[in-house]
Amino acid sequence: MDRDSAPQLLDAAAAHGAASYRTVLDLDGVTIVGSSGVNTLLITHRIARSAGGRLRRAAPSASVARLFQIVGLG
């Protein structure tokens, strides 16, 4: 996830985040998350929480799972 792909996640979260109790990110195949991706994950987390929901992850690689822990989403 980088500056080119992160806006797609942010757009989807903004459009559907308030309508969903639980947002699940399918991270299968994601091997690298750049700074834009980290920022987008944090914003997506805030959108889900503000709607009373939760941000969950599915199939993260070990490095991506570790990143979630480091940024406090783990």
Side-chain angles (χ1 to χ4, degrees):
M1 186 183 315
D2 59 16
R3 66 184 168 100
D4 294 327
S5 60
Q8 296 170 356
L9 173 58
L10 189 55
D11 290 345
H16 303 290
S20 176
Y21 174 73
R22 179 176 34 179
T23 302
V24 179
L25 299 176
D26 181 358
L27 298 168
D28 186 38
V30 176
T31 56
I32 296 173
V33 179
S35 60
S36 294
V38 170
N39 188 47
T40 299
L41 289 171
L42 293 170
I43 292 169
T44 303
H45 173 73
R46 282 188 220 122
I47 290 170
R49 291 206 55 203
S50 70
R54 300 162 69 177
L55 179 65
R56 295 289 180 224
R57 60 189 186 273
S61 66
S63 61
V64 172
R66 177 71 179 129
L67 174 67
F68 269 74
Q69 291 175 341
I70 291 169
V71 299
L73 301 177

Q) So which heavy atom on Arg57 is nearest to which on Leu73, and how close? A) NH1-O, 3.6 Å
**Q.** Chi angles and distances behind the side-chain contact (heavy atoms from CB on, under 4.5 Å) call for Val33, Phe68
**A.** CA-CA 10 Å; Val33 179; Phe68 269 74; over 6 Å; no
Q | Minimum-distance pair of heavy atoms, taken over all atoms of Ala58 and Val24 | A | CB-CG1, 4.0 Å
Q.
Rounded to the nearest 0.5 Å, what separates atom CD in Gln8 from atom OG1 in Thr40?
A. 10.5 Å
(Q) For the CE atom of Met1 and the OG atom of Ser35, what is their distance to the nearest 0.5 Å? (A) 12.0 Å
Q) If two hydrophobic side chains count as joined below 4.5 Å and joins carry through other members, does Leu9 share a cluster with Ile43? A) no
Q: Please report the closest heavy-atom contact between Ser61 and Thr31, naming both atoms and the distance.
A: OG-CA, 4.4 Å
Q) Hey, quick one: are Leu42 and Leu10 part of the same hydrophobic cluster, counting side-chain heavy atoms closer than 4.5 Å, chains of contacts allowed? A) no
Q | For the student: nearest non-hydrogen atoms of Ser36 and Ala6, plus distance | A | O-CB, 3.9 Å
(Q) Other residues, nucleotides and ligands only: do more than 12 of their heavy atoms fall within 6.0 Å of CD1 on Ile32? (A) no
**Q.** Nearest non-hydrogen partners of Leu55 and Leu41, listed with the distance
**A.** CD2-O, 3.9 Å
